[in-house]
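Below is one structure, written out as structure tokens, with a few remarks after it.
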Number of protein chains: 2
Amino acid sequence: MAAEPAEPAHGETVGHIVARLRDDILARRIAPGERLVESELTSRFSVSRGSIREALRLLAAEGFLEHLPNRGAIVRRLTVQEIGELFQIRAELEALAARLAAEAAADPQQRAGFEAAIAPIFDERPREPCAYLAENAAFHAAVMTLAGNRQLRDLALRLHLPLIMAQAAEALTPQALAASVREHRVIAAAILDSDPIAADAAVRAHLARAAAIALASTRAGSGK
Amino acid sequence: MAAEPAEPAHGETVGHIVARLRDDILARRIAPGERLVESELTSRFSVSRGSIREALRLLAAEGFLEHLPNRGAIVRRLTVQEIGELFQIRAELEALAARLAAEAAADPQQRAGFEAAIAPIFDERPREPCAYLAENAAFHAAVMTLAGNRQLRDLALRLHLPLIMAQAAEALTPQALAASVREHRVIAAAILDSDPIAADAAVRAHLARAAAIALASTRAGSGK
DNA sequence: TCCCTCAAGATTGTCGGACAATATCACGCG
DNA sequence: CGCGTGATATTGTCCGACAATCTTGAGGGA
């Protein structure tokens, strides 16, 4: 494991390590189930064990790691059941967000901000699976922002959505990506039409399809 | 601040401190906005500063504390807006749980467990506000358990519901408590009838009333 | 040969002290 | 009375240490 050159400012050590490890996990540079040994991390990041321990606790609280007493931390692997349950929850929360967003779209200023944020989904170029994860996240974040419920936005970030996507990234075929983009456009149209019922339905349909893909992929990939 | 005699076992230090401080916060022994100084806590609990820091990080991740860089941790105070947003989310999640629970109630074994768990709500004795918080939490937990979605249950615990209740505890008049118990019975009846639609509606009505009380109380109590 | 036991090594949990960086506050100056 | 400035308090981080626990593998018995 190579040493890390960039030195973060005072007071940013733990945050820097958290961000670094989170990226590593989402990019699959650290495999699910892999163990994170404190002594290895101290040498990799050149920081004290105390900072490493704080970072690991935080990542465990965010759901990226599992903390096993006396046995360290391992990268969390979501089971098929967990993914199914999470999508069930996401459907409710995102449907709520879509309804709220459809109402908020009446305000010209908010509407303009939303339109700017989702502009990329009207781009016709084909998508790369990896880059699309970011575009997808940005779209859903834009809906959450327009909805105006801060707690909802914060909560959505803790639904292990990035973890799920990372686990299912290999299942993103060009067809699936194109379908996802189309569904996003339907959602956006309903919101911009200030039609809460249509927006609600569009979001649920979109997530049902996304869930099916994620579940199939995980089942195939030994996701017990 | 008195010293703490009971010594937890090895490997339980941090968890013990977290539990202790969480109780203190929920019981209002530590006021919202109050600052938690690491050195004070080390002497109170007779543990090292490292353990205290880990405990504070965890409590911040759970939402009980706010962590201000270089300025320590303070007990979180929810604003009227935050409480409103949280109830909006809770309504969706608990309504989902009620629907799932109504379906799960068809299974005799699960039904029996649920009936046992909610038995206290059919008790006719008057309630004490403080003790009722526990009974209320137990009821909602029982619904979540019957629903069978683990992620939903875990997530509901992070909705700062205990914090809200603690903030609004003084608003729990005998009338409000009696109304809450009656509403619980309506919810339970709908679930035991395996009627998802009625259960959904009953939960939303219950939470709408609870939200009104919590918001009014917080507004009155300088909850900006 | 295979299984069980147990000791050595590896790793985590916790402690204590130390110092720099930052925030807070009281004091004195203008 | 406002304002800068230094003293103080507190946090952020590092280091070294040791006990508790887990893991691993060697050795002995069936």
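Of the residues listed (B:Arg22, B:Arg76, B:Arg57), the one engaging B:Glu62 in a side-chain hydrogen bond (donor to acceptor under 3.5 Å, both in side chains) is B:Arg22, and it is the only one.
The distance from atom CD1 of A:Ile17 to atom C1' of D:dG12 is 12 Å, rounded to the nearest whole Å. Rounded to an integer number of Å, the gap from A:Glu34 CD to C:dT11 C1' is 16 Å. Distance CG (A:Leu36) to C1' (C:dG13): 17 Å, rounded to an integer number of Å.
With contacts defined as side-chain heavy-atom distances shorter than 4.5 Å, the pair B:Leu21/B:Phe45 qualifies.
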Contact letters for nucleotides 13-23 of chain D, in which S counts primed atoms plus P, OP1 and OP2 and B counts the base, heavy atoms under 4.0 Å: BB--B--SSSS
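The pair B:Arg150-A:Glu85 does not count as a salt bridge, with every side-chain nitrogen at least 4.0 angstrom from each carboxylate oxygen.
Formation of a donor-acceptor pair under 3.5 Å by the A:Ser217 side chain with backbone atoms of A:Ile213 is not found in this model. A:Thr42 places a side-chain N or O within donor-acceptor distance of the main-chain N or O of A:Ser39, the cut-off being under 3.5 Å.
In terms of the side chain to side chain contact (heavy atoms under 4.5 Å, CB included) criterion, residue partners of A:Ala61 (sequence neighbours excluded) are, by chain and number, B:Ala61.
No engagement by B:Ile52 is indicated, since no non-hydrogen atom pair under 4.0 Å with the nucleic acid exists.
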